[in-house]
Amino acid sequence: MNLSVSLPGLKLKNPIMPASGCFGFGAEYSKFYDLNQLGAIIIKAATAEARYGNPTPRVAETSAGMLNAIGLQNPGVDNIIANELPALSVYDTPIIANVAGSTIEEYEMVAKAFKNTEQVEALELNISCPNVKEGGVQFGTDPYLASEVTKRVKAQSDVPLYVKLSPNVTNIVEIANAVAKAGADGLSMINTLTGMRIDLQTRKPIIANKIGGLSGPAIKPVAIRMIYQVKQQIDIPIIGMGGITCAEDVLEFLLAGANAVAVGTANFENPFICPEIIAELPEVLKKYGFSSVEDAIGKGHINE
Amino acid sequence: MNLSVSLPGLKLKNPIMPASGCFGFGAEYSKFYDLNQLGAIIIKAATAEARYGNPTPRVAETSAGMLNAIGLQNPGVDNIIANELPALSVYDTPIIANVAGSTIEEYEMVAKAFKNTEQVEALELNISCPNVKEGGVQFGTDPYLASEVTKRVKAQSDVPLYVKLSPNVTNIVEIANAVAKAGADGLSMINTLTGMRIDLQTRKPIIANKIGGLSGPAIKPVAIRMIYQVKQQIDIPIIGMGGITCAEDVLEFLLAGANAVAVGTANFENPFICPEIIAELPEVLKKYGFSSVEDAIGKGHINE
Amino acid sequence: MIRKANLTIVHHEKIAESTFLLHVLSEASTLDIKPGQFIHIKIGQDHSHVLRRPISIADVDHTNKIIKIIFKTVGEGTSYLSQQKVGGKIDALLPCGSSYPIDNLTMDHALLIGGGIGVPPLYYLAKQLVEKGVSVTTILGFQTASHVFFEQEFKALGDVYVATNDGSYGHSGFVTDVYHAVKPSFDYYFSCGPTPMLKGITTDLKEKQGYISLEERMGCGVGACFACVIPSVNGGYKKICQQGPVFDASEVILA
Amino acid sequence: MIRKANLTIVHHEKIAESTFLLHVLSEASTLDIKPGQFIHIKIGQDHSHVLRRPISIADVDHTNKIIKIIFKTVGEGTSYLSQQKVGGKIDALLPCGSSYPIDNLTMDHALLIGGGIGVPPLYYLAKQLVEKGVSVTTILGFQTASHVFFEQEFKALGDVYVATNDGSYGHSGFVTDVYHAVKPSFDYYFSCGPTPMLKGITTDLKEKQGYISLEERMGCGVGACFACVIPSVNGGYKKICQQGPVFDASEVILA
Ligand SMILES: Cc1cc2nc3c(=O)[nH]c(=O)nc-3n(C[C@H](O)[C@H](O)[C@H](O)COP(=O)(O)OP(=O)(O)OC[C@H]3O[C@@H](n4cnc5c(N)ncnc54)[C@H](O)[C@@H]3O)c2cc1C
Ligand SMILES: Cc1cc2nc3c(=O)[nH]c(=O)nc-3n(C[C@H](O)[C@H](O)[C@H](O)COP(=O)(O)OP(=O)(O)OC[C@H]3O[C@@H](n4cnc5c(N)ncnc54)[C@H](O)[C@@H]3O)c2cc1C
Ligand SMILES: Cc1cc2nc3c(=O)[nH]c(=O)nc-3n(C[C@H](O)[C@H](O)[C@H](O)COP(=O)(O)O)c2cc1C
Ligand SMILES: Cc1cc2nc3c(=O)[nH]c(=O)nc-3n(C[C@H](O)[C@H](O)[C@H](O)COP(=O)(O)O)c2cc1C
Ligand code: FES
Ligand code: FES
């Protein structure tokens, strides 16, 4: 069965890629399996300088999900290009770099730095990281700022730009529209919902940062809803994510309108999850009457 | 142990009440146990006229949660007062009526109708129901509309008004502030997140209404986060809800800043859940060093 | 009155493709259970499955307080059930819903029409009818030969016709095709199965009085959440979990 | 190299209050497992628990390919583990993390200091040290008498001192109190336990060279998510799951 998909700037053998922040820079999982099997790899967020992130605890489990507040820990974009990317050059798998920052200027610097690498075939613009300039308003929750940062980063880059949307908004279609008009080549959705757990013993939030991002199966219905709503209104390629754990979940995202998907939290439960899903996908597609991955994309919108 | 709590207009023997829409008008659960055990009862949403709600399927399960799109089915406020409330009059348990509508005028009518009953000791203003006037903007997601409907309903009523907030907003504190300033006596939070599931076989959303409200343990971290954030900024009593299944969950909500809690989805899994939680609560409070329910409220904010 | 029961699995058998028969032991008396009612089963030990699953009561052995259920594995809940072992426990609300009102009906001959997982409740019904001296003709429909179950059990109680959609066993086609071919005489009909089948039956038999049992995705299962409604001919909706699942065929409007 | 193993429980024993010892059978050779490493265990069959739980390796029987773990039930994950039965399966990543670097150290006498659920990894370490001809003195700290475990097992390998916080067994107070009272002589110390205990030990023994094993809430357990970091003396952070859990006491900064 044909699992390949084409997205702007990306020819993928299959639609499965590990999600940013859940796969490091690939090195750890390369010990478990051959990364050539993956459709693509989205690497951990890069910022202009090295960041040490938030204090610990940084993760906590919730019902069918988890909270994280890593805080963009990374060695800085130059370091990533010099020390992390070379190990990935042996694979015939596209690399998508996740671009983060506190200011538009920082986003621009990171995008520019990746321009000098052959390896990075697309950028994922992470506009849902907390603690940014502009009076604490997040780039991902204000359509104007979202549009501005998209435009400016797009201008610095020569590879396709996928803007990663935050689900913590009243109107996801409005934000999607803003970044689409600003020149985004695609969308990546969803990032984590914000949540909290309080430790009954210490009487404090478990996560040192207090608030963390909720991911895992718990958020899947929110992801499906948002992708469906955006697809209804806007014709733009979508990398879908949020709670995927099996090939059936992948098909549900394709039906909702995703062109490819990313798997995050599930890597922690099962380091082999990506190749396992890739192996199961043909059978699942066949079972539900699809002849290829492309055949399934958006089919949840047909019977209206 | 003293489980009682005082909220504006409500003296509760304990902080546990069934959530609106998950307990009908009490009749069904009165066959399982004595409703006198409950702190209060929040009855199903009332509208001015009878509503038949959405087509079926109206519910679907998700990981640690469920979607519902009942669509405010109810026999209309007059019918509720005439035929449903009398059965509840034998209990020494405060009734909180959930007030819904498509227009501000409808909300006003419903609130006014309840004014003529002795039994209803507080109103819960449900400003997160879809399909309303004003160009499709929901009352619960626009601070101005939220404030308007709060003011107007408050003026029609002589019992305390708890405004039930939607979590599907970019900034929950902004909405909470708006309704607090408009005269809300308390907040009730959270209503359901919106989500979707797509059936792989039929290729259509499972819920006939397509989008449904996500409830259950999956959303608890979002509820805790929102209550915590609101409590940090605004001094207003809160009835907390979202995914509660045990006495430990209740304590987590109290620590976050809830003064009392409502239990929704968990009634479906276990019809005895409310009395079971009430029975376990003293032991759990003791285990974590609290001498009463009031003693625990907001204590998650102390060690900052 | 509905109770929350902790049932013990005493027998577990695969009786057809993806189809399982479970016998569960009740601590309380089973005498209040009537044909057409269902049990509402909790899935798993924790809260990862928040909704119970409704399964019809296929038979009751009152002497030994044993309830029998038959189900097909179609998703996570029924798969979980199929993996439980003899000696294991099942948390269920029971007995739920309305029953086929046979105590209020006088008849000589009943026609039972069941399709797929709608077959089980008709077995308990058939047994009770036969006990009352009513003669029973049964038409059972399945997708394919490997899905057929309980043909012999129904045969012990009266005439039985089996149809399969693909013709791999018995008559080829739908239960309504069998009905038109056989034209059995009867006073009342009783049916349970997928909605399209019930729609076909109630249309074809609209001159006759009959009772049908409906399915819908359920929330509470006890009448409190309004998840499981069906439009009523008098306007408004009926709750399938409480006023049904068994309805007079003339009182509800099938989609 | 870390592998995903399907381990079979062959022994299950409660050895102290809320404390369980499990022996699990590995299909693969266990020869690569070193003292201080941990296994990362999946909880439950479905996806309701998305995070694995790290548990130290308490002992290994290489001949029979048996791995032993000891854990205390503190929450949902460890409760689930305690309810698994002999014959049941455990899905684990192993061996994870760094080990006490005893192959690179020359010594006559080692001091082992363990607190609560930090005691288990020291047992496998003690056995290996004794095998190498190193004499071992162990100080074990527990909250209260009912929590004490493995005192006899450590006694078979050298001198053992037990302290309980409430004085209900052995010395009264903390492991550091015992240390100051006994003043054992040693070349290197090896410790595992709650961070406050490690902080006390590394402060009191800062003139000595030692190795400590740290705990932190983990995401991936394999070094990919940056959840489990500890500040390093050279700036930046170290990942406890990958560069640890065992660190030279002088290379990390305890909170
Ligand atoms: C009153 C009543 C009696 C029933 N009796 C039986 C019986 O005796 N034997 C039997 O095998 N099944 C019976 N069913 C259907 C059974 O409830 C569903 O097959 C079951 O809930 C599916 O659960 P699941 O987790 O395995 O599947 P899910 O993963 O939840 O869903 C898989 C499929 O099952 C269908 N489904 C899910 N929930 C329901 C539901 N509540 N009602 C109908 N279909 C549903 C969906 O359309 C979907 O295609 C009955 C249903 C009702 C309402
Ligand atoms: C390298 C390492 C080795 C360990 N070895 C052992 C061992 O041999 N025996 C043993 O009993 N325990 C050990 N632990 C601790 C064990 O991992 C936790 O007790 C366990 O994860 C708790 O899971 P739970 O679901 O039961 O508790 P939860 O419900 O998740 O939490 C309950 C309590 O456990 C603590 N906790 C939760 N997760 C962790 C974590 N990852 N690390 C530390 N504390 C946590 C929390 O602070 C909380 O108070 C080790 C931890 C690490 C990091
Ligand atoms: C531990 C962790 C770290 C993450 N780090 C990043 C990140 O650096 N950049 C980013 O865009 N998203 C990050 N995410 C979000 C994921 O890429 C993904 O959008 C989200 O987790 C939903 O998918 P899932 O439910 O499959 O995990 C992180 C998620 C987790 C759990
Ligand atoms: C089936 C169902 C029906 C509901 N109906 C209403 C309603 O009529 N009015 C309302 O304010 N909230 C309604 N809710 C929302 C609940 O009251 C509650 O806010 C939400 O479900 C979160 O709590 P839970 O996770 O404990 O269910 C409904 C929820 C469910 C599951
Ligand atoms: S399932 Fe709740 S009313 Fe029928
Ligand atoms: S737990 Fe993921 S890096 Fe350590």
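Residue numbering restarts at 1 for every chain, and letters A, B, ... go by the order of the sequence lines.
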Handout entry: Interface moiety of D:D91 toward chain A, non-hydrogen atoms closer than 4.5 Å
Key =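 Neither; nothing under 4.5 Å.
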
Exercise for the section: For the residue pair D:I2 and A:K31, establish whether any side-chain heavy-atom pair is separated by less than 4.5 Å. Expected result: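 With C-beta onward as the side chain, the pair stays apart.
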
Problem - Side chains of D:V222 and A:Y29 in contact at under 4.5 Å (non-hydrogen atoms) - result: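 With C-beta onward as the side chain, the pair touches.
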
Write down the atom of [X], the atom of [Y], and the distance for their closest heavy-atom approach.
| X | Y | answer |
| --- | --- | --- |
| A:R58 | D:F226 | NH1-O, 2.6 Å |
| A:N54 | D:Y237 | O-OH, 4.3 Å |
| D:G219 | A:V59 | N-CG2, 4.0 Å |
| A:M66 | D:V50 | CB-CG2, 3.7 Å |

Problem - Top contributor to chain D contacts, counting heavy-atom pairs under 4.5 Å, from A:N74, A:I206, A:N267 - result: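 Of the candidates given, the most pairs with chain D belong to A:I206.
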
Handout entry: Most chain D-contacting option - heavy-atom pairs closer than 4.5 Å, from A:A69, A:G65, A:C246, A:A50
Key =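 When all of A:A69, A:G65, A:C246, A:A50 are compared, A:G65 has the most.
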
To the nearest 0.5 Å, what is the distance between [atom1] ([X]) and [atom2] ([Y])?
| X | Y | atom1 | atom2 | value |
| --- | --- | --- | --- | --- |
| A:I207 | D:R217 | CD1 | CZ | 8.0 Å |
| A:Q73 | D:K239 | CD | NZ | 8.0 Å |
| A:I70 | D:C225 | CD1 | SG | 5.0 Å |
| A:F268 | D:L93 | CZ | CG | 12.0 Å |

Should we count [atom1] of [X] as having more than 12 external heavy atoms under 6.0 Å?
| X | atom1 | answer |
| --- | --- | --- |
| D:Q143 | CD | no |
| D:Q45 | CD | no |
| D:K206 | NZ | no |
| A:K287 | NZ | no |

Of the backbone (N, CA, C, O) and the side chain (C-beta and beyond), which part of [X] lies under 4.5 Å from a heavy atom of chain D, both, or neither?
| X | answer |
| --- | --- |
| A:T62 | backbone |
| A:Y52 | both |
| A:N270 | both |

Looking at chain A, which one of [options] has the largest number of heavy-atom pairs inside 4.5 Å, strictly under?
| options | value |
| --- | --- |
| D:K4, D:E76, D:Q242, D:M1 | D:K4 |
| D:C220, D:G75, D:G44 | D:C220 |
| D:H40, D:K42, D:H47 | D:H47 |

Handout entry: Polar side-chain atom of A:E61 near backbone of D:L51 as donor-acceptor pair, under 3.5 Å
Key =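 Yes, because the side chain of A:E61 sits within donor-acceptor range (under 3.5 Å) of the backbone of D:L51.
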
